[in-house]
Protein chains: 2
Amino acid sequence: MARSVPTTPRKSASQKRSQATVEALLDATARVLTREGYDRASTNRIAATAGVSVGSLYQYFPNKEALVAALVSRHNREMLELLRNALKEVASLDLATAIRELVRAAVDAHLVDSALHRIFAEQVPRMGQLAKIEALQGETFLLVRAYLEQRRHEISVRDLDSATSICVTIVEALTHDFVINKPVTLKGDRDRFVDEVTRLIVGYLRPSRAAKPLT
Amino acid sequence: MARSVPTTPRKSASQKRSQATVEALLDATARVLTREGYDRASTNRIAATAGVSVGSLYQYFPNKEALVAALVSRHNREMLELLRNALKEVASLDLATAIRELVRAAVDAHLVDSALHRIFAEQVPRMGQLAKIEALQGETFLLVRAYLEQRRHEISVRDLDSATSICVTIVEALTHDFVINKPVTLKGDRDRFVDEVTRLIVGYLRPSRAAKPLT
DNA sequence: TAAATTTGCGAGCTATGACTCGCATTGTCT
DNA sequence: AGACAATGCGAGTCATAGCTCGCAAATTTA
């Protein structure tokens, strides 16, 4: 299977045509992954699906892992973008309202391409390049942490780092489970889910008996 | 690679000698998985490590997937056992105290063989037989659900099913993250972690302002 | 002890997939 | 137009991994 351990990014597409090829390859990778699963997703099949030759594939990606990693990266960027936007629109709201919107955004993010997201979670081995998938979740940590810092006065938890980590882990896990494993995603279900998670998080961050007055 | 799709369990070991062989194979699988990772864990290598021939391996396991599935199953049983015991010892305690013990048990369960557990989570593809891994987590759901039912009077959440699901998912995710990703597992860290998660869960299940008196 | 059965062995077959390489096509620059 | 570079092609190489099969050794049964 793997002959050696190539590692360099090889060529970076410079002209329009080649950029289109790269796009086509990433799209095809996504399609083949969701339709066939990870180990049926051979580089040959991906190239064929993209309407491109294997040779071209290896002109832009040094190996299969790099190809998948690029796709994961693109997908993560898309999800992060939603979070970033949500954080902007929420910056001035009180904690409870803000958290509700952020949880909503988390659900949206997981709905971007849930089938693909499922494959990443269930079948793509997290190693080598792919180990950095989680590292990109570190970006999420920083964003959320910055927001919580700004809302420090509404939060009674001592250690903001671990609180952030806990919130991010919780929302990720619950949202993932909700989107992936709950068969029907009726709007009602969804709203109840968001409410429940919001209550959970807010109750954790602001455990005092009465809600403090808001600005 | 896979020639056809064998599926039957083949032979079940009946004599002592063969049972020892099966044990050796499972142990070897665990060792090779943790030492080499999933895709370096070929059946040949596993058999060699077990001091057994490949042929013998295929006498008891129809394919590689079944072998790994058996190991996962064994590992899950061990973890579940800890949970079951904890639930017994905790049945009569008040919610907060009980939850603390249960979280502790969750950490213990993840420490049974954390390296192996990590491989399962990060590298073993969840498909086919292995998809049932999660199904076995359904056992956890039932156990916890039964406990919460019994403590219903201390819980103010309406829907016990979704509450159980949320608690199980949360504790699993947080514990996993704690055991796998936190470099130092000092006792102090651990106790703080348990306290924090306990507060989170209890606050969620019993969100009223003051704690109710205990029996 | 002889026959029958269970268990163990491991060289080798076969399939398949990652990746290469020499050549063809398309595009760019002067 | 001619030359040089960038991009694309895909049959074929190589390595490896899953799995089989005929035979040997050990146990059990008669």
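The model shown is predicted, which means the values in this text are computed figures rather than measured ones. Lettering follows sequence order; numbering is per chain, from 1.
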[N] [atom2] sits how many Å from [X] [atom1], rounded?
X: A/Leu25; N: D/dG8; atom1: CG; atom2: C1'; answer: 11 Å
X: B/Glu65; N: D/dG18; atom1: CD; atom2: C1'; answer: 13 Å
X: A/Gln19; N: C/dG27; atom1: CD; atom2: P; answer: 15 Å
X: A/Asp39; N: C/dG17; atom1: CG; atom2: P; answer: 9 Å
X: A/Asn63; N: D/dA15; atom1: CG; atom2: C1'; answer: 16 Å
X: A/Lys16; N: D/dA6; atom1: NZ; atom2: P; answer: 17 Å
X: B/Gln59; N: D/dC23; atom1: CD; atom2: C1'; answer: 13 Å
X: B/Arg17; N: C/dT6; atom1: CZ; atom2: C1'; answer: 7 Å

>> Reading DNA chain D from 5' onward, which residue's closest nucleotide shows up sooner: B/Gly55 or B/Lys64?
In response: B/Lys64

>> Taking only side-chain N and O atoms of B/Tyr60, does any of them lie within less than 4.0 angstrom of OP1 or OP2 on C/dG8?
In response: yes

> For A/Ser56 and D/dT7, is the shortest distance between a side-chain N/O and OP1 or OP2 below 4.0 Å?
Replying inline: no

> Between A/His75 and A/Phe120, what is the ring plane arrangement, given parallel below 30°, perpendicular above 60°, and tilted in between?
Replying inline: perpendicular

> Can you tell me if CZ on B/Arg152 sees more than 12 non-hydrogen neighbours from other groups inside 6.0 Å?
Replying inline: yes

> Got a sec? Which of residues 42-54 of chain A come in under 4.0 Å of DNA chain C, heavy atoms?
Replying inline: A/Ser42, A/Thr43, A/Asn44

>> Which residues pass the side chain to side chain donor-acceptor pair (under 3.5 Å) test with B/Ser42, not counting sequence neighbours?
In response: none

Partners passing side chain to side chain contact (heavy atoms under 4.5 Å, CB included) against [X] (at least two apart in sequence or in another chain):
X: A/Ala121; value: A/His176
X: B/Ser165; value: A/Asp177, A/Lys182, B/Phe141, B/Thr169
X: B/Arg118; value: B/Glu122, B/Ile180, B/Asn181

> What pairs meet the side-chain hydrogen bond (donor to acceptor under 3.5 Å, both in side chains) rule with one or both residues in residues 189-205 of chain B, with sequence neighbours excluded?
Replying inline: A/Glu196-B/Tyr204, A/Tyr204-B/Glu196, B/Arg100-B/Asp195, B/Asp108-B/Arg190, B/Asp189-B/Arg192

